[in-house]
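Worksheet for the structure shown next.
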Amino acid sequence: MIRALSASREPKVVQAALDLILHSGLDGRQSFPVLFGPLANPETKRLPFEFVRANYEELIGRLPDDIRAFLPGVGTAFCDADSRKEFVALFEQSSNKFVGGPRNYRQALETIRLCEERMAAEGADVAAYFARQ
């Protein structure tokens, strides 16, 4: 049920699902997948990052130790320099506090950078293709 809520393309539904992480009796391991479902949809891909940024300290207090290191994964849908800077500002230092955090941070940052590079290399060709359609 939680995964179905997080797969919604409706931002209000996703926001309600994200709120379950903090405001339900569910164990953090049960509600944590809500953070990653929205990343697949353009309409909702920023919501998990915004949620984590707004609730970081409360999340750290609520989530189990073995889950906290995966929080940088909420930035993996980013694909531009401004979003990358926001990601770095939030996770560059904080990820060092958790076992596995630095590795997860570096992997998410690499994902963002690769997307930026792909967009720079292919963006003009893709735009030209759709302009001809």
Side-chain angles (χ1 to χ4, degrees):
M1 184 71 141
I2 290 171
R3 288 181 195 247
L5 287 172
S6 70
S8 174
R9 292 178 187 261
E10 177 59 46
K12 288 181 181 180
V13 173
V14 170
Q15 191 62 51
L18 289 167
D19 286 339
L20 287 174
I21 297 171
L22 295 176
H23 304 110
S24 72
L26 295 173
D27 180 281
R29 289 174 196 87
Q30 293 172 311
S31 58
F32 193 71
V34 165
L35 285 172
F36 299 102
L39 300 176
N41 298 312
E43 301 90 348
T44 59
K45 69 182 182 179
R46 279 198 66 88
L47 292 178
F49 178 81
E50 297 296 338
F51 178 79
V52 170
R53 182 166 56 183
N55 299 288
Y56 186 79
E57 292 302 323
E58 193 173 356
L59 284 166
I60 295 305
R62 169 107 169 88
L63 293 173
D65 291 343
D66 58 332
I67 298 293
R68 295 176 189 154
F70 293 98
L71 286 174
V74 299
T76 57
F78 290 164
C79 199
D80 62 272
D82 290 339
S83 295
R84 177 175 31 87
K85 289 174 187 172
E86 291 179 76
F87 171 82
V88 169
L90 180 59
F91 290 113
E92 185 174 38
Q93 298 302 315
S94 64
S95 66
N96 292 324
K97 298 176 185 175
F98 311 109
V99 174
R103 178 179 170 270
N104 292 332
Y105 166 76
R106 288 189 308 271
Q107 284 183 326
L109 185 58
E110 181 180 13
T111 298
I112 296 167
R113 286 185 175 145
L114 288 172
C115 184
E116 287 180 81
E117 290 175 19
R118 186 180 70 244
M119 290 295 287
E122 299 172 355
D125 290 340
V126 171
Y129 171 79
F130 283 109
R132 291 190 304 265
Q133 299 305 313

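Numbers for residues simply follow the sequence, beginning at 1.
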Results of side-chain hydrogen bond (donor to acceptor under 3.5 Å, both in side chains) for Arg29 - residues two or more places apart only: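 Applying side-chain hydrogen bond (donor to acceptor under 3.5 Å, both in side chains) to Arg29 gives Asp27, Asp66.
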
Residues in side-chain hydrogen bond (donor to acceptor under 3.5 Å, both in side chains) contact with Glu92, at least two apart in sequence or another chain: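 None.
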
State whether the side chain of [X] and the backbone N or O of [Y] hold a donor-acceptor pair below 3.5 Å, judged by distance alone.
X	Y	answer
Arg9	Glu43	no
Arg68	Leu63	yes
Asn104	Pro72	no

Parallel, tilted or perpendicular: rings of Phe32 and Phe36 (30°, 60°):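 Judged by the thresholds at 30° and 60°, the geometry between Phe36 and Phe32 is perpendicular.
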
For a 4.5 angstrom cut-off between non-hydrogen side-chain atoms, does [X] reach [Y]?
X	Y	answer
Val13	Thr44	no
Leu71	Ile60	yes
Glu58	His23	yes
Asn55	Leu18	no
Val14	Asn41	no
Leu39	Phe49	no
Tyr105	Val88	yes
Ser83	Ile112	no

Residues that, via side-chain heavy atoms closer than 4.5 angstrom, fall in one hydrophobic cluster with Tyr129: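 Once heavy-atom contacts under 4.5 Å are chained together, Tyr129 belongs with Val126, Phe130.
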
For Phe98, ring pair (Phe, Tyr, Trp, His ring centres under 6.0 Å) partners two or more places apart: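 Checked Phe98 against ring pair (Phe, Tyr, Trp, His ring centres under 6.0 Å); zero matches.
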
Trace of the salt bridge (Lys or Arg N to Asp or Glu O under 4.0 Å) decision for Arg113 with Glu116: CA-CA 5 Å; Arg113 286 185 175 145; Glu116 287 180 81; 5.7 Å; no

Chi angles and distances behind the side-chain contact (heavy atoms from CB on, under 4.5 Å) call for Phe91, Val74: CA-CA 10 Å; Phe91 290 113; Val74 299; 4.0 Å; yes

Sequence neighbours excluded, every pair satisfying disulfide bond (SG atoms under 2.5 Å apart) that has a member inside residues 46-133: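 Passing the test, one end in residues 46-133: Cys79-Cys115.
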
Contact list for residues 94-112, test salt bridge (Lys or Arg N to Asp or Glu O under 4.0 Å), sequence neighbours left out: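 Qualifying pairs, neighbours excluded: none.
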
